[in-house]
Amino acid sequence: MADMKMPRHAMPAQDPVVRSHNFNEVALGYTKEMAMEEATRCLGCPKMPCKSGCPVQINIPAFVAKVAEGDFEGAYEVIHRTSSLPAVCGRVCPQESQCEKYCVRGIKGEPVAIGRMERFVADWHNSHTCELPPRPTPNGHKVAVIGSGPAGLTCAGDLAKLGYQVTIFEALHKAGGVLVYGIPEFRLPKAIVQKEVDGLKELGVEICTNTVIGKTITIDELMGEMGFEAVFIGSGAGLPKFMNIPGENLQGVYSANEFLTRINLMKAYREGADTPIKHSLKVAVVGGGNVAMDAARCAKRLGADVSIIYRRSEKELPARAEEVEHAKEEGIIFRTLTNPVAILGYNNPEDKRDPKNGSVCGIRCIKMELGEPDEKGRRRPIEIKDSEFDMEMDCVIMALGTNPNPLIKNTTKGLDVNSHGGIIVNEDALTSREGVYAGGDAVTGAATVILAMGAGKQAAASIDEYLRNK
Amino acid sequence: MLMYRIARKKPLNAAVTLMDIEAPMVARKAEPGQFIILRVDEEGERIPLTIAGFDREKGLVTIIFQVVGATTVKLNQKNEGEYLQDFVGPLGNATETEGLKKVAVVGGGVGCAIALPVAQKLHAEGCEVHSVIGFRSKDIVILEDEFRACSSQLKVMTDDGTYGEKGLVTDALDALIQAGNQYDEVIAIGPIIMMKFVCKTTEKYGIKTVVSMSPIMIDGTGMCGGCRLTVDGQTKFACVDGPDFDGSKVDFDEAISRGAIYKEFERHAYDAACNLFKKEVK
């Protein structure tokens with residue numbers, strides 16, 4: 001019988017003051033005792049509403065029951081049956097809007113901490129098991145996977161387990177996609193991503209870094225002379241959006257993608273790193289999503305005073321509640337109902353050679369109010385007349401989402417895209433080209449790690465069916 | 001694991017080095033005007049370099065670089081037979097040469113290294129090529145013979161008059177136009193300030209002028225947006241929209257300013273890299 005009195009176990013975390021000066025992981029993870037106690041809060045509902053909220057349909061009550069028994073390896077086996085990256089998902093999934101949202105314990109109180117237990121189980125497995133999974137028997141079929149982010153890794157893993165000979169093509173020098181260039185070390189340690197990538201290699205997956213599909217090799221070449229029978233496109237979201245306001249190309253204006261890539265992939269935060277980054281005093285991050293929170297928290301760790309500028313109210317912030325809370329604890333200021341109209345640049349008319357000329361010195365914003373709901377049901381932000389005001393800033397980071405990358409579309413005949421540039425797929429993840437499947441942000445535009453994984457999983461199942469019937 | 005071996009290394013002058021890199025997948029597709037991104041070692045930064053040549057059969061890509069910062073110091077310390085950590089490409093769009101009958105190619109300094117394959121391609125396609133190449137001084141003149149071989153007219157200019165004619169490339173270009181040469185296009189590759197003034201020169205004659213921009217970038221595939229420029233009042237990404245642009249529409253002053261963002265950092269890193277090298281030599 002579940003313990004109805006026990007409150008949800010809080011996640012142990014680094015002290016906010018300490019952590020806002022380092023890049024070490026913020027959430028420290030449950031102890032064995034915490035995980036086992038938390039597991040006893042689960043009612044074991046036979047209908048498993050939590051499972052229906054999981055994009056990869058993990059049998060949650062079954063793994064939680066194993067945790068309660070102290071059989072952590074057993075719990076891992078349950079999770080791993082449907083999820084290929086549990087250590088990642090336990091950290092970055094928005095559980096509050098997925099599994100935990102449907103938890104019956106959440107109706108009158110707090111939901112069972114499913115995500116935290118998932119993380120514990122995955123970490124326990126990673127530190128206790130060194131046994132390698134058996135290599136699957138090759139079935140002689142070759143599949144190419146484009147992109148090594150969550151969609152590509154999941155698709156490759158599932159196919160490799162079925163015996164396919166899988167090659168992943170990655171444009172950057174390191175595998176992992178957004179897990180290595182986007183999500184910061186303090187939220188997702190890169191060693192965890194590396195472990196997942198190494199796991200795929202153990203399964204026989206080949207990873208070709210430094211290979212840009214659409215430039216180095218085209219999809220037609222992959223399926224022609226290179227002999228791949230099917231292709232999965234998991235190339236992710238593309239070009240960063242800007243606002244088209246004056247001053248956006250001043251020195252010190254970054255896209256969140258560039259700022260995060262310098263820090264996460266290129267390690268520019270480390271003393272003596274080869275890749276430079278601007279160490280600013282006052283930083284404005286424009287946007288309210290998870291990427292904005294990541295950029296803000298990185299800027300804070302580099303020593304700046306950081307403000308988030310968001311045009312709607314706090315209630316509409318698209319970022320996870322936990323990320324917003326963490327950002328606030330670390331001292332990040334939220335300027336909501338505020339929208340930039342111009343970025344102001346320094347210009348010394350007396351001295352044309354002044355090195356500060358052309359760099360950001362401030363941001364001009366306008367106050368907003370919320371009007372009628374738009375087609376998505378979110379209240380539309382409206383400018384309040386004559387409410388412009390200036391703030392002093394020496395760096396501005398634009399975290400406004402992305403436009404699709406044209407590299408693959410432009411070099412692949414017959415690949416249909418929608419009006420936003422996202423690749424069009426049917427429910428089997430099949431594109432308009434035979435044998436070419438797609439999923440993740442390349443299809444949906446910027447979304448979450450777990451949705452990309454779900455799409456990679458679907459595509460792997462479809463590719464397997466396609467090749468078995470071919 | 002792909003390995004990128006340095007098949008040949010040849011100093012062109014005291015500060016400029018040529019390397020042929022074994023990168024068959026890049027060589028297979030490379031065209032003049034495109035670029036590659038490399039990392040020297042595991043800790044290295046990603047730097048873009050425009051392709052200076054390629055040999056598809058041997059699988060080689062030629063890069064020519066000036067030793068200006070910490071990364072190019074490290075790159076220049078690598079010897080023939082050693083390997084680069086990463087080498088990716090070809091990136092960006094190739095220079096458009098189709099239908100051009102008479103073109104003036106203007107190169108400045110190390111920019112001549114990337115102007116050369118464009119001139120060679122035009123020459124091979126039967127286009128009449130006039131080349132103007134400019135340097136500060138005699139001791140840093142590079143690729144003169146190569147340009148001569150693909151140009152029906154060649155002007156070598158030096159700032160101090162120690163070689164060729166004394167003056168700027170814009171002086172020679174202006175003289176060629178004044179002499180009655182009617183160019184379909186001028187292609188200018190070199191320091192931003194040179195490209196800006198080439199565009200000013202050709203503007204008065206209404207000659208289309210294409211420039212090759214090489215701003216700071218990280219991934220080179222459109223993901224970071226660090227390489228953005230203002231062209232015709234709109235933001236463009238040099239990596240996917242360029243690197244060639246209609247020079248009359250490029251905001252060169254902004255490009256100069258954006259290029260200077262890490263100047264201070266680079267100066268320190270360069271000093272540190274040089275000091276380290278000196279210590280190793282001792």
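In the text below, chain A, chain B and the rest are named by the order of the sequence lines, each starting its count at 1.
- Contact count versus chain A (heavy atoms, under 4.5 Å) is highest, among B:Asp219, B:Ile256, B:Thr235, for B:Thr235.
- Checked against A:Thr275 for a side chain to side chain contact (heavy atoms under 4.5 Å, CB included), the options B:Glu45, B:Arg46, B:Glu43 give a single hit: B:Glu45.
- With hydrogens and angles ignored, the 3.5 Å screen pairs no side-chain donor or acceptor of A:Asn210 with any backbone N or O of B:Val88.
- Proximity to chain A (any heavy atom under 4.5 Å) is shown, for B:Ala260, by both the backbone and the side chain.
- Side chain of A:Asn405 to main chain of B:Met223: no donor-acceptor pair is present (N/O by atom type, distance under 3.5 Å, no hydrogens or angles).
- Of the possible donor and acceptor atoms, none in the side chain of A:Ser255 sits under 3.5 Å from a partner among the backbone N and O of B:Gly225.
- With a 4.5 Å cut-off on non-hydrogen atoms, B:Gln34 touches chain A through its side chain but not through its backbone.
- Using a 4.5 Å cut-off between heavy atoms, B:Phe87 contacts chain A through its backbone alone, with no side-chain atom that close.
- Interface residue B:Lys74: only side-chain heavy atoms are found under 4.5 Å from chain A.
- Listed for the B:Arg228 side chain is a donor-acceptor partner under 3.5 Å among the backbone atoms of A:Glu248.
- Closest of all the heavy-atom pairs between A:Gln251 and B:Arg258 is CG-CA, 4.1 Å.
- Of the two parts of A:Ala273, only the backbone, made up of N, CA, C and O, holds a non-hydrogen atom closer than 4.5 Å to a non-hydrogen atom of chain B.
- Heavy atoms of A:Leu407 lying under 4.5 Å from chain B belong exclusively to its side chain.
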